[in-house]
Amino acid sequence: MASLFRIAIFASGQGSNFQTFVDATQSGRLEAEIVLLVSDKAKAPVVERAQRAGIDSYVFDPKAYAKREDYELEIAAELERRQVDLVVLAGYMRLLTSVLVDRYTGRMINIHPSLLPAFPGKDAIEQAWEYGVKTTGITVHLVDGGMDTGAVIAQKAVEIRNEDSLESLEEKIHAAEKELYPQVVSWFAKGMIRVEGRKVSVLQK
Ligand code: GAR
């Protein structure tokens with residue numbers, strides 16, 4: 001039997017996307033194995049979710065290190081030890097340095113809750129809501145050294161209607177994330193992603 005595609009998930013918060021991956025891998029909807037959770041917040045609910053699912057965690061305190069590169073070298077060693085094929089950022093609220101970005105170029109992805117390049121950075125759903133746009137959405141992109149600047153892999157639009165509130169918009173965005181993100185990871189697992197500079201295509205298999 002061919003070995004399963006190995007993913008590591010980085011997350012700092014609730015971990016609802018993490019949970020989607022747990023459920024999708026357990027049900028077989030996604031043919032992959034989550035081999036590690038990386039978190040910068042020991043008390044984040046996502047850490048408890050990993051424990052409950054029996055998934056290894058690497059939890060670190062950024063304040064205990066002089067610079068980002070120092071903890072990223074430790075993370076890189078954990079990833080290499082587990083032969084991770086794809087790094088999946090899911091609400092990991094830290095910029096990465098070249099220590100991780102260079103090692104995982106083309107093999108590290110992020111989900112962002114807006115149609116990039118609109119509304120990068122923190123509180124993207126709220127930014128779109130406050131701006132008053134009629135269409136926002138989600139983006140899955142490759143990770144480079146910038147803030148939500150990597151090449152776009154997939155996007156899904158979400159409409160903002162008159163009857164929406166910020167809360168209902170958040171719900172729609174999160175529901176869209178749970179559909180799209182496992183699908184994108186499955187494209188990687190099946191070798192369907194081709195990257196040429198900023199142009200990412202999904203090959204049909
Ligand atoms: C998700 O909505 C994700 O798109 C966002 O954080 C949330 C994490 O939720 N990421 C960013 O804003 C990255 N810039 P979760 O912890 O419940 O999965």
Side-chain donor-acceptor distances from residues 124-139 under 3.5 Å, at least two apart:
unit_1 : atom_1 : unit_2 : atom_2 : d
Gln127 : NE2    : Pro120 : O      : 3.0
Gln127 : NE2    : Lys122 : O      : 2.7
Thr139 : OG1    : Ser114 : O      : 2.6
Thr139 : OG1    : Leu116 : N      : 3.0
Thr139 : OG1    : Gln155 : NE2    : 2.9

Taking it one step at a time, do Val46 and Gln14 satisfy side chain to side chain contact (heavy atoms under 4.5 Å, CB included)? CA-CA 5 Å; Val46 69; Gln14 279 302 323; over 6 Å; no
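- When every heavy atom of Ser12 is checked against every heavy atom of Ala44, the shortest pair comes out as O-CB, 3.4 Å.
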Assess the residue pair Arg82 and Asp56 against the criterion (side chain to side chain contact (heavy atoms under 4.5 Å, CB included)); give the C-alpha distance rounded to whole Å, side-chain angles, the decisive distance to 0.1 Å, and a yes or no. CA-CA 11 Å; Arg82 290 177 175 79; Asp56 282 359; 3.2 Å; yes
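- Atom CG of Leu142 sits about 8.5 Å away from atom CG of Asp144, to the nearest 0.5 Å.
- Taking all atoms of both residues into account, the shortest heavy-atom contact from Asp164 to Ser168 is OD1-OG, 2.6 Å.
- Proximity of a side-chain donor or acceptor of Arg103 to a complementary backbone N or O of Ala76 within less than 3.5 Å is not detected.
- Here Thr20 contributes atom OG1 and His174 contributes atom NE2; the two are 10.5 Å apart, rounded to the nearest 0.5 Å.
- Atoms CD1 and CG, from Ile173 and Leu169 in turn, are 5.0 Å apart once rounded to the nearest 0.5 Å.
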Pairs under 3.5 angstrom only: tabulate donor-acceptor contacts from the side chains of residues 31-39 to other protein residues two or more places apart or in another chain.
unit_1 : atom_1 : unit_2 : atom_2 : d
Ser39  : OG     : Ala11  : O      : 2.9
Ser39  : OG     : Lys41  : N      : 3.2
Ser39  : OG     : Lys41  : O      : 3.4

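- Crowding of Gln83 atom CD: a count of heavy atoms from other residues, nucleotides or ligands under 6.0 Å not exceeding 12.
- Interatomic distance, OH of Tyr71 versus CZ of Phe60, reported as 5.0 Å (0.5 Å rounding).
- A single hydrophobic cluster is not seen to contain both Leu73 and Val84; linkage of ILVMFWY side chains at heavy-atom distances under 4.5 Å, directly or through other members, places them apart.
- Distance check: Arg6 CZ to Asp85 CG gives 7.5 Å after rounding to the nearest 0.5 Å.
- A chain of hydrophobic side-chain contacts below 4.5 Å, direct or via other Ile, Leu, Val, Met, Phe, Trp or Tyr residues, connects Val202 to Phe5.
- In terms of the salt bridge (Lys or Arg N to Asp or Glu O under 4.0 Å) criterion, residue partners of Asp70 (sequence neighbours excluded) are, by chain and number, Lys67.
- In this structure, CD on Gln204 lies 8.5 Å from CH2 on Trp187, to the nearest 0.5 angstrom.
- Residue pairs meeting the salt bridge (Lys or Arg N to Asp or Glu O under 4.0 Å) criterion with at least one partner in residues 184-202, sequence neighbours excluded, are Arg194-Glu196.
- Heavy-atom neighbours of Glu48 CD from other residues, nucleotides or ligands within 6.0 Å: at or below the threshold of 12.
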List the atom pairs, with distances to 0.1 Å, where a side-chain N or O of residues 92-100 and a protein N or O form a donor-acceptor pair under 3.5 Å, not counting sequence neighbours.
unit_1 : atom_1 : unit_2 : atom_2 : d
Arg94  : NE     : Asp40  : OD2    : 2.7
Thr97  : OG1    : Glu72  : OE1    : 2.6
Thr97  : OG1    : Val99  : N      : 3.1

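- Side chain of Ser201 to backbone of Leu203: no donor-acceptor contact under 3.5 angstrom is found.
- Shown here is Met192, whose CE atom has more than 12 heavy atoms of other residues, nucleotides or ligands within 6.0 Å.
- Judged purely by atom type and a 3.5 angstrom limit, Thr25 uses its side chain to pair as donor or acceptor with the backbone of Phe21.
- Linking ILVMFWY residues whenever their side-chain heavy atoms come closer than 4.5 Å, directly or via other members, leaves Val152 and Val200 in distinct clusters.
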Please tabulate, one pair per line, all N/O donor-acceptor pairs under 3.5 Å involving side-chain atoms of residues 175-184, not counting sequence neighbours.
unit_1 : atom_1 : unit_2 : atom_2 : d
Glu177 : OE1    : Asn17  : ND2    : 3.0
Lys178 : NZ     : Ser16  : OG     : 3.0
Tyr181 : OH     : Leu89  : O      : 2.6
Tyr181 : OH     : Ile109 : O      : 3.3
Tyr181 : OH     : Ile111 : N      : 3.4

